Each structure stands twice: as structure tokens, then as C-alpha cells.
Amino acid sequence: MRAGAADVVDNGQHNPNSRLTRGFAGTRFTYLHWHNYPYAKMCDRARQKLNNSLVDPDDPRALERYAANPNLPGRHLVNLLLRGEEAHARRYGSCLQVFSPWARGLQGALSGYGAPELLMSDPRGSFVWNAERYVQNNPDLRGWTLGPLMDFLLHGWIKGRHIS
């Protein structure tokens, strides 16, 4: 992304807007969110975020009232706290999960070739994803503008493309 192009990224890093153009465009930027943390850590993070709002994250009635307002910050986290671990597992248990402990200081390497290996898991098991091996096994991706990781996240995982 060009310097000065970001206009707004909300407090939860959702819905980034560009000051250069309206609408959506494919980019090599890959955004990974934290919904695949263990349930207890998810709840801790949700409480921290909601506690900065105008709601007590430990008061179920206050959370229900908060959830009734569609545009409040962190509203999507309320169900996590109210519905419990089983509901969370039903919602996210079949999703692809990406683990990248090295990403804390990452500066953009996730989107393309040469990105460090990522540990991933899904209902079929765990595996290591590597951009170069993915392209070697799927040569139709050579030169694809959005890069191999974006292809895998958008299409390859669902299609069962070879990882390694």
C-alpha cells in the first residue's frame, strides 16, 4: 500500500478505507484476524476491547442491551461472551486456522513469495504451508498478482489444492 493511502482503519482493524479510491480492490495485503485463538484467550481479548466501550463485559444484561444496537464498536464480540465455548466451536471449528508466532514484528511478508512458513490446521489436521512449494505444486499461479497466500486463503483451501 502506498504511503498515505490508508484513510481509516477502525479500532478492531476492520473495514480499512483508502483515501485514494472508493470500493474494493484486490491487493497482495493479507489480513489475518484473531478469531482462531483458544476460547479463553478470545474471551479475555473481547473483555479488554469491550471494557474500553460503554459496557461492562461481565454483565450479561448489559451485553444483551449493547448487542441490540447494530453499529456499536465491538458488538460482534458480545455473542462470544454470551453464547459460550460450544457455540464458538460450532462457528469456527470447521474454519482454516493459521498460526504464525513469528508475525509479531512482521512487516508485510505474509502476502507473497518468500513468506515464512505458516502452520495451519483445519478439521482434516495440521500442515505447514509454504508459498514457494504451493506455487511449485500449482504452477497456474505463477505471476498471479495477488500472490500464493491470497490464492490459498480465498480458493486453494476450499478446492483442496496441494500445499506441500
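Note that the structure is a prediction, hence the values are computed from the model and not measured.
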Would you mind reporting whether F127 and D122 have side-chain heavy atoms less than 4.5 Å apart? yes
Would you confirm whether R161, through its side chain, and H155, through its main-chain N or O, come within 3.5 Å as a donor-acceptor pair? no
Test item: W129 and P148 side chains (from C-beta on) under 4.5 Å apart, heavy atoms: yes
Separation of R90 CZ from E85 CD (nearest 0.5 Å): 11.5 Å
Sequence neighbours excluded, which residues qualify as side chain to side chain donor-acceptor pair (under 3.5 Å) partners of N51? none
Would you check if L81 and L50 make a side-chain contact, meaning some heavy-atom pair closer than 4.5 Å? yes
Test side-chain contact (heavy atoms from CB on, under 4.5 Å) applied to N71 - qualifying residues, sequence neighbours left out: none
Indicate yes or no: does R83 engage E64 in a salt bridge with an N to O separation below 4.0 Å. yes
Report the C-alpha distance between R65 and V55 in whole Å, list the side-chain angles of each, state the deciding distance to 0.1 Å, and finish with yes or no for side-chain contact (heavy atoms from CB on, under 4.5 Å). CA-CA 9 Å; R65 286 190 304 273; V55 65; over 6 Å; no
Checking the side chain of N69 only, and the main-chain atoms of L72 only, is there a donor and an acceptor separated by less than 3.5 Å? no
Distance-minimising heavy-atom pair for F152 and M120: CE2-SD, 3.3 Å
Could you check if a side-chain atom of K159 sits within less than 4.5 angstrom of a side-chain atom of N138, using non-hydrogen atoms only? no
Do L77 and R45 have side chains that approach each other closer than 4.5 Å (heavy atoms only, starting at C-beta)? no
If you take all heavy atoms of Q136 and R142, which pair is closest and at what distance? CA-NH2, 4.2 Å
Would you tell me whether D151 and W144 have side-chain atoms, one donor and one acceptor, within less than 3.5 Å of each other? no
Check L80 against C43 and note the closest heavy-atom contact, atom names and distance. CD2-N, 4.0 Å
